[in-house]
S.K.: 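Submitted below is the structure of interest, expressed as structure tokens.
Just so you know, ligand 1 is whichever comes first in the structure, and atom 1 is the first atom listed for that ligand.
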Amino acid sequence: MVDHAPSPSQTMRTVRLLDTASGLDGVIAIHSTALGPGAGGCRFWRYPDIEAATRDACRLAKGMSYKNAMAELPLGGAKAVLRYPEGDFDRAALFRAFGKAVDALGGVYVTAEDVGTSVADMAQVSTMTRHVAGLDPTEDMAGGDPSPWTALGVFDAMRTAARLTLDAELADLTVAVQGVGNVGASLCRQLAEAGAKLIIADIDAARCQALAGELGATIVDVAEIAAADADIFAPCALGGALTQESVAAMKARLVCGAANNQLATPEVADALLARGIVYAPDYVVNAGGIINVSAEYLGEDEASVRTRVSRIGPRVARLLEQAAREGRSAAMVADEMAEAIIAGAAEKAA
Ligand code: NAI
């Protein structure tokens, strides 16, 4: 394991992970520990080279700093990115080697599940270090699947944002949901319960049909969902749903969903603003997941998770109100707020 200096931001620290015996090859990027240990999941994916993996780790670590700060968690931001090995490898051994590397950092980094990793992988990590979250829940500790908590936060944020910006209740609105996986389906159930009309799309046709049958939702093609005849667009699939093209064709007046990195480029925030479409920033809206995952590590119970998740709606309201007052994108206001929280904590610690 080698600590090396080059980094895309002044505070970023990267730790190279290399263990030929197990095939471990990756990087831990630590963006900030001003608020607490750098927390962020471990991504296990194919990357052409370590430079590409490092770029992704740094980008994601910065995102985690902002997300954790805005969720008012006592955590900084970090991320691990591991390259998926070519050929055969012993998965358990690889994650044990990763756990050893995490442990060697002495708690500066707390890992968890992310794209390409599972609870079983984290169980292997936990044999080598206690700096891991996202394991199975115990009797008095929160934990387990974060998706229902993420969906609850998105639902609350959407209801608050709809009242504020559309002057309407969800019962009088139509919501277009892109992606009805773990979070999207849970969100749809809450929306249906609240009386909202639903338009849904998913590349998994069977999943889409099953949910439409259960909730009476209308199905549209995945290519049509962003331009669907709806009041609210909820991206709950992969990142990059908001592009210049999708925003130009959008009929919805509010965007509020679970997906990470919804803006394909930062300029899309301006395009939304120019069209008068209100955007509730993704990482503020979808913080329920990290709140649940980190609760295990922080030793918090389910009641604390519920309290923290219940603050997402009011936080989104404050952001949207400030953005409207200043005629700016809420995405920009959120970034500035997160940076101020992190800078304030760093100053206090200095
Ligand atoms: P998931 O994998 O369970 O669901 C994603 C769904 O989107 C799948 O049903 C998939 O078939 C569908 N999909 C993929 N590409 C699509 C496309 N082009 N058009 C329509 N549907 C498409 O994932 P999950 O856990 O529900 O997460 C959804 C999003 O929310 C992801 O972006 C994730 O990063 C983000 N998120 C999830 C959290 C959680 O607690 N699970 C926490 C924070 C963010």
S.K.: Verify whether one side chain among D114 and T117 offers a donor that lies under 3.5 Å from an acceptor in the other.
M.R.: no

S.K.: For a quick test of reading the model, state the closest non-hydrogen atom pair linking V177 to C188 and the distance between them.
M.R.: CG2-SG, 3.8 Å

S.K.: Among all the protein's non-hydrogen atoms, which is closest to atom 26 (O) of ligand 1, and how far away is it?
M.R.: V183 N, 2.8 Å

S.K.: Can you report which non-hydrogen protein atom sits closest to atom 11 (O) of ligand 1, along with the distance?
M.R.: D202 OD1, 2.6 Å

S.K.: Taking only Lys NZ, Arg NE, NH1 and NH2, and the carboxylate oxygens of Asp or Glu, determine whether R83 and D25 approach each other closer than 4.0 Å.
M.R.: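 Looking at R83 and D25, the cut-off is met.
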
S.K.: Have a look at I290, L238, V222, N292 and point out the one with the heavy atom closest to atom 20 (C) of ligand 1.
M.R.: V222

S.K.: Quick one: look up the protein heavy atom nearest atom 43 (C) of ligand 1 and list residue, atom name and how far away it is.
M.R.: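 Going by distance alone, atom 43 (C) of ligand 1 is nearest to N286 O, 3.7 Å.
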
S.K.: May I ask which of A223, A237, A258 has a heavy atom nearer to atom 31 (C) of ligand 1 than the others do?
M.R.: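 Checking each option, the heavy atom nearest atom 31 (C) of ligand 1 is found in A237.
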
S.K.: Do Y47 and D56 pair up side chain to side chain, a donor and an acceptor below 3.5 Å, judged on atom types alone?
M.R.: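 Yes, because at least one side-chain N or O of Y47 sits under 3.5 Å from a partner of the opposite role on D56.
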
S.K.: Is at least one protein non-hydrogen atom found at under 4.0 angstrom from atom 36 (N) of ligand 1?
M.R.: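 Under the 4.0 Å cut-off, atom 36 (N) of ligand 1 does have protein heavy-atom neighbours.
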
S.K.: If you count the atoms of ligand 1 from 1 in the order shown, which ones are under 4.0 Å from a heavy atom of C236?
M.R.: 5 (C), 28 (C), 29 (C)

S.K.: Which ligand 1 atoms, with their elements, are less than 4.0 angstrom from a heavy-atom of T150?
M.R.: 38 (C), 39 (C), 40 (O), 42 (C), 43 (C)

S.K.: Which of the atoms in ligand 1, numbered in the order shown and given with their element, are less than 4.0 Å from a heavy-atom of A259?
M.R.: 29 (C), 30 (O), 32 (O), 35 (C)

S.K.: Just checking, is any N or O donor in the side chain of Y297 or H131 under 3.5 Å from an acceptor N or O on the other one?
M.R.: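 On atom types as modelled, these side chains qualify, holding a pair under 3.5 Å.
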
S.K.: Write out the residue and atom name of the closest protein heavy atom to atom 15 (N) of ligand 1, then the distance separating them to 0.1 Å.
M.R.: I203 CD1, 3.7 Å

S.K.: More than 12 foreign heavy atoms under 6.0 Å from CE of M128: is that the case here?
M.R.: yes

S.K.: Have S246 and T243 got a donor and an acceptor in their side chains that come within less than 3.5 Å?
M.R.: yes

S.K.: Which heavy atom of A34 sits nearest to which heavy atom of A345, and what is that distance?
M.R.: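 Shortest heavy-atom separation between A34 and A345 comes out as O-CB, 3.7 Å.
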
S.K.: At a 4.0 Å threshold, what atoms of ligand 1 neighbour a non-hydrogen atom of P146?
M.R.: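 Counting from 1, the qualifying ligand atoms are 40 (O).
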
S.K.: For atom 8 (C) of ligand 1, what is the nearest protein heavy atom, given as residue, atom name and distance?
M.R.: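 Among all protein heavy atoms, the one nearest atom 8 (C) of ligand 1 is R207 NH1, 3.2 Å.
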
S.K.: May I ask you to identify, for N182, whether its side chain, its backbone, both or neither come under 4.0 Å of ligand 1 on a heavy-atom basis?
M.R.: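 The answer is both, backbone and side chain.
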
S.K.: Enumerate the atoms of ligand 1 whose separation from the nearest heavy atom of G181 is less than 4.0 angstrom.
M.R.: 3 (O), 4 (O), 6 (C), 9 (O), 26 (O)

S.K.: Check this for me, if you would: do E113 and R43 make a salt bridge, where the nitrogen-to-carboxylate-oxygen distance has to be below 4.0 angstrom?
M.R.: no

S.K.: Are any of the side-chain heavy atoms of I199 and V175 separated by less than 4.5 Å?
M.R.: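 In short, these two side chains do not touch, never coming nearer than 4.5 Å.
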
S.K.: Among protein heavy atoms, which sits nearest to atom 33 (C) of ligand 1, and what does the distance come to when rounded to 0.1 Å?
M.R.: N260 ND2, 4.0 Å

